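Right, one structure below, let's go through it.
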Protein chains: 4
Amino acid sequence: MTRDEPLTVADIARLAQARLPRELWDYVAGGSGAETTLAANRAALDEVAVLSRVLAGTTEPDSATRLLGSASSMPLAVAPMAYQRLLHPDGEFAAAEAAQAAGVPYVVSTLASVSVEEIAKTGATTWFQLYWLRSPGVVESLVARAEDAGCEALMVTVDVPVMGRRLRDARNSFVLPDDVVAAHLTDGAVGRAHDRVPGSSAIAAHTAAVFAPGLGWPDIEWLRDRTSLPLVLKGILDPRDAVRAAESGVDAVVVSNHGGRQLDGAAPSILALPAVAEALTGRAAVYLDSGISTGTDILRALASGADGVLVGRPVLYGLAADGARGVGRVLSLLTEEFRAAMTLAGCTDIAAVRALSTVRTVRAS
Amino acid sequence: MTRDEPLTVADIARLAQARLPRELWDYVAGGSGAETTLAANRAALDEVAVLSRVLAGTTEPDSATRLLGSASSMPLAVAPMAYQRLLHPDGEFAAAEAAQAAGVPYVVSTLASVSVEEIAKTGATTWFQLYWLRSPGVVESLVARAEDAGCEALMVTVDVPVMGRRLRDARNSFVLPDDVVAAHLTDGAVGRAHDRVPGSSAIAAHTAAVFAPGLGWPDIEWLRDRTSLPLVLKGILDPRDAVRAAESGVDAVVVSNHGGRQLDGAAPSILALPAVAEALTGRAAVYLDSGISTGTDILRALASGADGVLVGRPVLYGLAADGARGVGRVLSLLTEEFRAAMTLAGCTDIAAVRALSTVRTVRAS
Amino acid sequence: MTRDEPLTVADIARLAQARLPRELWDYVAGGSGAETTLAANRAALDEVAVLSRVLAGTTEPDSATRLLGSASSMPLAVAPMAYQRLLHPDGEFAAAEAAQAAGVPYVVSTLASVSVEEIAKTGATTWFQLYWLRSPGVVESLVARAEDAGCEALMVTVDVPVMGRRLRDARNSFVLPDDVVAAHLTDGAVGRAHDRVPGSSAIAAHTAAVFAPGLGWPDIEWLRDRTSLPLVLKGILDPRDAVRAAESGVDAVVVSNHGGRQLDGAAPSILALPAVAEALTGRAAVYLDSGISTGTDILRALASGADGVLVGRPVLYGLAADGARGVGRVLSLLTEEFRAAMTLAGCTDIAAVRALSTVRTVRAS
Amino acid sequence: MTRDEPLTVADIARLAQARLPRELWDYVAGGSGAETTLAANRAALDEVAVLSRVLAGTTEPDSATRLLGSASSMPLAVAPMAYQRLLHPDGEFAAAEAAQAAGVPYVVSTLASVSVEEIAKTGATTWFQLYWLRSPGVVESLVARAEDAGCEALMVTVDVPVMGRRLRDARNSFVLPDDVVAAHLTDGAVGRAHDRVPGSSAIAAHTAAVFAPGLGWPDIEWLRDRTSLPLVLKGILDPRDAVRAAESGVDAVVVSNHGGRQLDGAAPSILALPAVAEALTGRAAVYLDSGISTGTDILRALASGADGVLVGRPVLYGLAADGARGVGRVLSLLTEEFRAAMTLAGCTDIAAVRALSTVRTVRAS
Ligand SMILES: Cc1cc2nc3c(=O)[nH]c(=O)nc-3n(C[C@H](O)[C@H](O)[C@H](O)COP(=O)(O)O)c2cc1C
Ligand SMILES: Cc1cc2nc3c(=O)[nH]c(=O)nc-3n(C[C@H](O)[C@H](O)[C@H](O)COP(=O)(O)O)c2cc1C
Ligand SMILES: Cc1cc2nc3c(=O)[nH]c(=O)nc-3n(C[C@H](O)[C@H](O)[C@H](O)COP(=O)(O)O)c2cc1C
Ligand SMILES: Cc1cc2nc3c(=O)[nH]c(=O)nc-3n(C[C@H](O)[C@H](O)[C@H](O)COP(=O)(O)O)c2cc1C
């Protein structure tokens, strides 16, 4: 490690920001509306303080766990994120390579800019994230492709009936560059993501054109019947929905506000987590995302009831900073930090982390 | 939409501030005293975080509702605000035109600078806001004019026994310009609002001269007998008053601190709302104002117990920025934002919004 | 009122600061230690939000009350403060004159720089504040002088066993100017307050020399027997002490942290108040000081359980700004503000103010 | 005292910062990770507000107490801190001299840069802090040396299974200067603390090399059998561990997050304290460290359940500023401040301090 090598995800974010054109940075780092939820995600995590345990009596913490039946080196998966070729020519391929090397699952977005079949070549454990698309039969065919490509789980994102109001993108009249396309989408609407309309986001226009509005519980039940893969719902905040998901045969939920990119004013995930976790005890797994950027954050999430976390933007920062190497650095930093945090908190394994107590502390500003 | 078109009410507020002479801006945007309540309104709204629901299964949210029996395209009415010709020559007429186009009720102030009869010509659903005036018979004749002009409700403002101590106006020695007058007032006292007295507000002096001090429950009961229109009390914070209102035959209350313009130190409306709503369940409708400036704010209010909201300053900012068009833009922004928020929160109709859960979050500064 | 006339106590504080040499300003405005308690007094008051009442049905609020049997135009007395000639040549005389004109009690400090007999000539309602002094017989003779001069109550300050660590004074090597002396003290120790010792406060040295350490409940009981005047203890924060006071025949307590000048880290008075008020219901009166600087603050205190407030620094700011006239302006501002606050909160009398509900709000910074 | 003499620990910290090379300052003053816990320690202490008592009736507070059977002039011991010769050539010797003069125990670190036998010559009451080292027999021989040197207690630090991620040290590529060595360590690994590795801390590398990983309860029980000295565990936050400690025959615990230097995200000690103190009532003593820097902080800790505190960095600031004299100044300031705080809070002895009530106040920023 050289002196200037990044020591934290925040360091890598700074590198990424320095490299990216402003509108790309804004697209990745930004949130919706007044970015209240984006900021609250961070603030609420900072307020979770852990009561470390001591004298655990083991040398090395065991951070390994199973996530939806897939083995993982730690309780973390790479969150599904669209269009990763925006950040680096190798896009999803590079990110999945790094996930493979780190031994954590990689979630392939419906809007990936590299196809699931290509990504599968990295050998990474993959899960496939589904957006419900308008064109008839497309969802079914995506499920089939995912299954064929060896994906080990399906994750339906349920918090994007429409795209959140991302003002930075609208002000930047954001469009995808011509060479970045949604690899799994074939209909003509794809072009919408490239058409610049002053004062609005082409991504949002594209989403509106291709996403099926009106996704509902019957669709989830249809999918449950259609596939034997583990099924995850991403974007749950209310325990009532969590319970309904379990009743519909869903295997796990992701407590998420989509990183503050959908409803501005939605609860910080970490505040919504405990009630969801309690409602699902013994019935379904519970993951959390939105704001996780240090090993301590992972500890906070597990101590608050999660079985694991998804990590979004940090992976893109790594990708922008240095492709697969950069993502590798992000994942190894988080691994190092999380394992150190486990050790410092006196936890020999993941079960011990989940048994930690927390208190709500004050946030010094 | 062009690139620089406003995307939020805050953008429109900036446009208005740029256009208005400072003393007018201060009159509109300011609050009373140290502006503690003005600031707390915003801060307290930001701390209400919503647990979105998912998989509602419908395409388009239905934001339509009934407010006091009047149909409305969304749970919002334009708050009563005095002297709108201060902001634009067309004043109330322009604002009501925009409300009509947006399909929301417009509340005509006793201190309107355009008469209720003129405003009625816009075809807007109107309610009439009553201040209790000293001159004998004036209230009764205002009620009659309101009824004759087709107003669909009467709203008695109960939080202005005297005007709040608005220091900006006093420091600006604020007066109305000669061509802006209270169209419904005829007695000589009107002139007081135009007489500059260094170090004090002519508006406050005028109010003191014409408002009847000592408005009480018997007056409300007299009015209840006098008219068959729905009756609303605006400016309720304590549940004891809410219950008394329901017992007096009042149809609705507005939980309000007058936008932080009356008692500095009064509770943020959103914090006072839940207890009032609980006390009135099934007995009277509950509206809220003070600080509402985004679609998410409307969601927050309804999730906290309100049946609808009034919006004040944002409408005046629209009026100052671009007359009826500007107000139209404000209302369409709020509609768009609220409908998007409903969709993102998984709510297909207003009942679903009212069934949302909230948590108190941290405010990141 | 001219345009630049002060409209708030804060305006007057600024005038005073502009006029006073820095070391005097520091002596008056400062607190002890890191000034945590000083700042928390203000912050905690700002967090008390009032649920205004409506439709009280009267014209003019009646702010008159009785404080310890003395009639007062409002529930406020001027706090005892040492050496007022520091701020203006007329010192206590001017301040008491203004209190007399405003119809509120004036509390004469043991360390007054004008004698109680002189102050009595203003015709103000006076109470006498006692510090327990070392020299034998001095307390008894002060009590006799106070009784003879017509003081209507005795207030024993119990939170100054020694002076708080006021770092500003130490850094300023603060001394009293030669012409300001404690008019009631006669022994040689008086000189200590004038001897400059680099890096420490001469006032603190003087206090240490003349105050009797070890004041205890037996002394209070002795005094209770000695005088038939109403007896007040100033500086109570813990309800256990409040109850003990009532049991010792004390008529009232002042919930106070001495304006943040004694124990840094002591609770803001407004947070300590409710438990003390509850413990004393029907047994003794409860006053509050520390941070009161607006009419709304008085409302907050009464709504939180106080029967009245003492006001300290604002009076000295008025005195520094413009002698008796300045104090008059402070008191008339507070009267105006408090009466306006009563009206706006729908309170016709002091009993109504005490029946207001409060909520803890967020402090927007 | 001259005018510019330091009046607070903060003043002394400034002097130290001015004198120390930046990397030494960072090593001492810094914390781990994002320094969330470091900042929260201070913020949480500031939020503990005390309800002072009054009329205690004694002249001088008695701050004397027993700590683990050792007499102490006040409820404070100097925390164990490594390598004190970094701050001053006389290092631990000077600090212990000052502790002796102040009458408080001095805890000798395993990583002291002056040997326990040398330190013992100061005549200070010493306790010996144990890190568990890899080399077989070293712990046992350290215990024997400590016993022989007259140490009156053994304190096992249980929160350093590995060193926390101290980013400042990593960024500074921190190493010990050649002339500062761990006096009690003899094996070859000592050199690691002097080998500069760009981008990482040599201290951390050294620790990793010499500390025995996997310290557990059986080791504590072994030690309990091995020595008859009082036994303390330092670094407890969870009441479950506190209870287990008492069951293992431990005499006291230190509620500590190691001054924010180990797990970033660990709870502020003062927030963890009450539950630990309650769990141990009557079973073991409870001390607290992390952030104590004023006399009021000591009061806060005792009022929250502690029997005493350890003070870390302030001692090093004193040492850097002026050797034994500087430490003496820190300890006399804390003594003066604590005794003043006792007096101002109406406490005649330590039992009274522990009986104080507290409220959680707002932190004004
Ligand atoms: C640039 C970007 C693109 C995203 N694309 C998707 C997506 O295609 N599908 C999806 O379910 N979530 C998507 N997300 C949301 C992430 O999966 C995840 O919920 C969120 O980023 C978590 O917050 P974090 O970034 O703070 O870790 C995206 C997020 C970002 C930042
Ligand atoms: C310039 C201005 C004039 C107002 N005039 C009236 C009025 O005549 N009658 C009334 O009941 N409320 C009046 N209000 C209060 C509003 O009806 C409403 O309660 C308040 O503005 C709500 O807060 P908001 O501005 O944050 O939405 C006025 C408010 C403003 C800003
Ligand atoms: C300059 C100054 C001198 C004071 N002198 C006395 C005094 O002689 N006796 C006393 O009981 N309190 C004294 N106090 C405390 C006040 O009576 C009162 O408790 C405090 O100022 C209340 O806080 P406020 O200044 O925020 O209103 C003094 C306060 C100040 C600011
Ligand atoms: C420079 C430094 C070195 C330390 N070395 C040790 C040590 O050798 N052993 C130990 O148990 N704690 C060590 N500590 C932790 C302290 O004993 C103590 O827990 C911490 O400093 C308390 O926080 P404070 O500095 O805010 O008072 C060290 C702390 C510092 C600042």
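Just so you know, these numbers come straight off a predicted model, no measurement behind them. We use all heavy atoms of the structure for the numbers below, so side chains are in, but hydrogens, waters and symmetry mates are not. Sequence lines set the chain letters: A, B, ... in the order given, protein chains first and strands last, and positions in each chain run from 1.
With respect to chain C, the highest number of heavy-atom pairs below 4.5 Å among B:A267, B:P218, B:A245, B:G235 belongs to B:A267. Among B:Q262, B:R165, B:H258, the residue making the largest number of heavy-atom pairs under 4.5 Å with chain C is B:R165. With respect to chain B, the highest number of heavy-atom pairs below 4.5 Å among C:T294, C:L299, C:L51, C:L356 belongs to C:L51. With chain B as the partner, the residue from C:G295, C:S357, C:A56 showing the most heavy-atom pairs under 4.5 Å is C:S357. Put simply, of B:A34, B:P161, B:G33, the one with the most heavy-atom pairs under 4.5 Å next to chain C is B:P161. Ranking C:V54, C:T296, C:T358 against chain B, the residue ahead of the rest is C:V54, based on heavy-atom pairs under 4.5 Å.
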Does B:S32 form a side chain to side chain contact (heavy atoms under 4.5 Å, CB included) with B:R261? I'd like the steps, not just the answer. CA-CA 5 Å; B:S32 55; B:R261 298 166 77 85; 5.5 Å; no

Under the criterion salt bridge (Lys or Arg N to Asp or Glu O under 4.0 Å), I'd like the reasoning laid out for B:D195 against B:R192: C-alpha separation, chi angles, the key distance, then a yes or no. CA-CA 5 Å; B:D195 290 351; B:R192 298 287 295 270; 5.3 Å; no

Test side-chain hydrogen bond (donor to acceptor under 3.5 Å, both in side chains) applied to C:T37 and C:N257, step by step: CA-CA 8 Å; C:T37 294; C:N257 53 39; 5.4 Å; no

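Enclosure of atom CD in B:E278 is not indicated, since only 12 or fewer non-hydrogen atoms of other residues, nucleotides or ligands lie within 6.0 angstrom.
For B:R244, no part lies under 4.5 angstrom from a heavy atom of chain C. In this structure, the portions of C:E337 lying under 4.5 Å from any heavy atom of chain B include both its backbone and its side chain. For C:R53, the parts lying under 4.5 angstrom from a heavy atom of chain B are both the backbone and the side chain.
Panel note: side chain B:R224, backbone B:G249; a donor-acceptor pair is recorded below 3.5 Å.
Between C:D26 and C:R168, the closest heavy-atom pair is OD1-NH1, 2.9 Å.
By the 6.0 Å and 45° rule, C:R22 does not stack over the aromatic ring of C:Y27.
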